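What follows is a short report on a single structure.
All values derive from a computational prediction rather than experimental measurement. For the numbers below, each heavy atom of this structure counts, side chains included, while hydrogens, waters and symmetry mates do not. So that the names make sense, note that chain A is the first sequence line, chain B the second, and so on, each numbered from 1.
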Amino acid sequence: MTEAQFAARLIAWQQQHGRKDLPWQQQVTAYRVWVSEIMLQQTQVASVIGYFGRFMQSFPSVQTLAKASDDEVLHLWTGLGYYSRVRNLKKTAHIISEQYGGEFPASVKALAELPGIGRSTAGAILSLAMGLPAAILDGNVKRVLARYSATSGWPGESKTAAILWDLAERFTPTEQTAIYNQAMMDLGATLCTPKLPACAECPVQSGCRAFARGSQSLYPTPKPRKTLPQKRSLMPIFARKDGCILLERRPPAGIWGGLWSLPELDTIEALEPLAQRYALDLGERRALALISHSFSHFRLAIEPWLIEVNESANAVAEDHYLWYDPDNPKRLGLAAPVAKLLKYAAQINRRKAL
DNA sequence: TAGGCGTGGCT
DNA sequence: TAGCCAAGCCT
């Protein structure tokens, strides 16, 4: 099968079986495609749909996003993960409004220089939003191409990535590139799935080297896994009489960067110094059930403590902490397990009030 | 180049 | 249950 035939079959398949009703496929603009592509990085379509709608409701244009506060954007990202995407999103929104007059540049090079946009996301914006010929190489395309060409090697290795990018560039047609790229993603998401691919329905089965050998499950070569380190931390839920709970802002980089969180302690011995810093008188305390939270690179066991406090004046910077009212919550970014704990603590508090 | 960076769904 | 995986990018 020639490269042109491959592309033609994908395009025909897309028109019959592809996805055409995703939110970012309606009222297509570079802005909407860009936001969707950032949200979809390492994140499944089903998870993104709700977030995308709320985001567009609040920030309908690159200018409204550029002017928004960090807390407001992080609030709408809470639970989606990879929060550095938000910092990069805001930086790029600024650059587009200030330096590009509100229009996205129309080249891979210029797009990929923007924070948070790499080669594949640049290709997606160019092809899907602008109709220009540009290749993409996301997880779906990698899987389709690795199987079709029976290419071994983990795609995270530069050598394997170079081979796959070369294939992607060769197969990507200069006409109808948007439909073709969407077809490759949809084929990977619906037929050429990681497990139990539906090869019987595949439009390019006849040229697929993995299918010919019955070795679909060998591609792409999986990432070499190491056992995840296990960490543990204490999270004091300092609750005032009025039900408000102490939150601290996390540093901009690192895990949960820029989000609001409960304080994190290594040991219970660190509780007194922390209480002193905030000038808290500690009352009754009770341990709540352990929470296990899993990240891509470590596992965290959280030991939450609900602690009643009386507060007096302290000298901690105002933008470093706040008293969060669960019954009248401010709009800000919260780490997922912290959001769960706050709900739980509010429940306990409400029961006590009855 | 390898590792940091989240979360939820699925098996 | 525990591991795998998802429309990757940055340092």
Testing C:dC10, B:dG3, B:dG6 for proximity to the side chain of A:F295, the answer is B:dG6
Give me the stems containing DNA chain C, sorted by first residue, counting only three or more consecutive Watson-Crick or G-U pairs with both distances under 3.5 Å; say none if there aren't any. B:2-5 with C:8-11, B:7-11 with C:2-6
To the nearest Å, how far apart are A:R87 CZ and C:dC9 P? 16 Å
Can you tell which of C:dC9, C:dC4, C:dA7 lies closest to the side chain of A:T121? C:dC9
Least distance between heavy atoms, A:A66 atom then A:H94 atom: O-NE2, 3.3 Å
For A:V45, answer base if it contacts any base atom (sugar-phosphate contacts may also be present), sugar-phosphate if it contacts only those atoms, and nothing otherwise; contact means non-hydrogen atoms under 4.0 Å. base
Evaluate the ring planes of A:Y148 and A:F171, with Trp represented by its six-membered ring, and classify them as parallel (under 30°), tilted (30 to 60°) or perpendicular (over 60°). perpendicular
Touch class at under 4.0 angstrom, heavy-atom based, for A:S120 against every strand present: sugar-phosphate
Residue met sooner reading DNA chain B from 5', once A:S47 and A:F298 are mapped to nucleotides: A:F298
For A:L300 and B:dC5, give me the distance from atom CG to atom P, rounded to whole Å. 12 Å
When you measure from the side-chain N and O atoms of A:H293 to the phosphate of B:dG6, is any distance below 4.0 Å, counting only OP1 and OP2? no
Please pick, from B:dG8, B:dT7, C:dC5, the nucleotide with the shortest atom-to-atom distance to any side-chain atom of A:P194. C:dC5
Would you measure the distance from the P atom in C:dC10 across to the matching atom in B:dG8 and give it in whole Å? 24 Å
A:I255 has a side chain; which of B:dG6, C:dA7, C:dC9 sits nearest to it? B:dG6
Classify the angle between the aromatic ring planes of A:H297 and A:F295 as parallel (below 30°), tilted (30 to 60°) or perpendicular (above 60°). perpendicular
OH of A:Y82 versus C1' of B:dG4: gap in Å, rounded? 8 Å
Side-chain N or O of A:H297 less than 4.0 angstrom from OP1 or OP2 on B:dC5? yes
Pairwise side-chain contact, A:Y31 with A:L65, heavy-atom cut-off 4.5 Å (strictly under): yes
Considering every strand and a 4.0 Å limit on heavy-atom distances, what is the contact class for A:L22: base, sugar-phosphate, or nothing? base
Using a heavy-atom cut-off of 4.0 Å across all strands, would you classify A:R143 as base, sugar-phosphate, or nothing? sugar-phosphate
Side-chain N or O of A:Q42 closer than 4.0 Å to phosphate OP1/OP2 of C:dG8: yes
At what distance, to the nearest 0.5 angstrom, does OG of A:S47 lie from CE of A:M39? 11.5 Å
Quick one: is B:dT7 close enough that its OP1 or OP2 comes under 4.0 Å of any side-chain N or O from A:Y83? yes
For C:dG8 and B:dT1, measure between their C1' atoms and round to the nearest Å. 16 Å
Between C:dG8, B:dG6, C:dA7, which nucleotide has the shortest distance from any of its atoms to the side chain of A:W256? B:dG6
Between A:Q41 (CD) and B:dT7 (P), how many Å, whole number? 16 Å
Has A:R225 got a side-chain N or O lying under 4.0 Å from the OP1 or OP2 atom of C:dC5? yes
Between A:I237 and A:Y344, is there a side-chain heavy-atom distance shorter than 4.5 Å? no
A:K159 has an atom NZ; how far is it from atom P of B:dT1, in whole Å? 12 Å
Would you indicate what A:A336 reaches in the nucleic acid, counting non-hydrogen atoms under 4.0 angstrom: base, sugar-phosphate, or nothing? sugar-phosphate
Whole-Å distance, A:I136 CD1 to C:dC9 C1', equals 16 Å
Below 4.0 Å: OP1/OP2 of B:dG3 and any side-chain N or O of A:K226: yes
Would you kindly give the NZ-to-P distance between A:K195 and B:dG9, to the nearest whole Å? 17 Å
Which value, in whole Å, describes the distance between the P atoms of nucleotides C:dC4 and B:dG3? 16 Å
Rounded P spacing from B:dG4 to C:dA7 in Å: 23 Å
Measure from the side chain of A:R299, starting at C-beta and using heavy atoms only, and say which of B:dG6, C:dC10, C:dG3 lies closest. C:dG3
From the list B:dG8, B:dG6, C:dG8, which nucleotide is the closest neighbour of the side chain of A:S296? B:dG6
In this structure, how many angstroms lie between the P atom of C:dG8 and the CD atom of A:E157, rounded? 19 Å
A:R277, CZ atom: more than 12 neighbouring heavy atoms under 6.0 Å: yes
Near-ring test A:Y278/A:W323, centroid separation under 6.0 angstrom: no
For A:I38, does its backbone N or O pair with a side-chain atom of A:R85 as donor and acceptor, under 3.5 Å? yes
Residue whose closest nucleotide on DNA chain C lies nearer the 5' end, A:Q44 versus A:I117: A:Q44
Check: A:T43 side chain, B:dG6 base, donor-acceptor under 3.5 Å: yes
Kindly indicate whether the side chain of A:C244, heavy atoms from C-beta on, has any atom under 4.5 Å from the side chain of A:Y324. no
Determine if the base of C:dA7 is syn or anti; take syn to mean the glycosidic torsion is within 90° of 0. syn
Residue whose nearest DNA chain B nucleotide is more 5′ - A:G254 or A:S158: A:S158
Heavy atoms under 4.0 Å, any strand shown: does A:W24 hit a base, just sugar-phosphate, or nothing? base
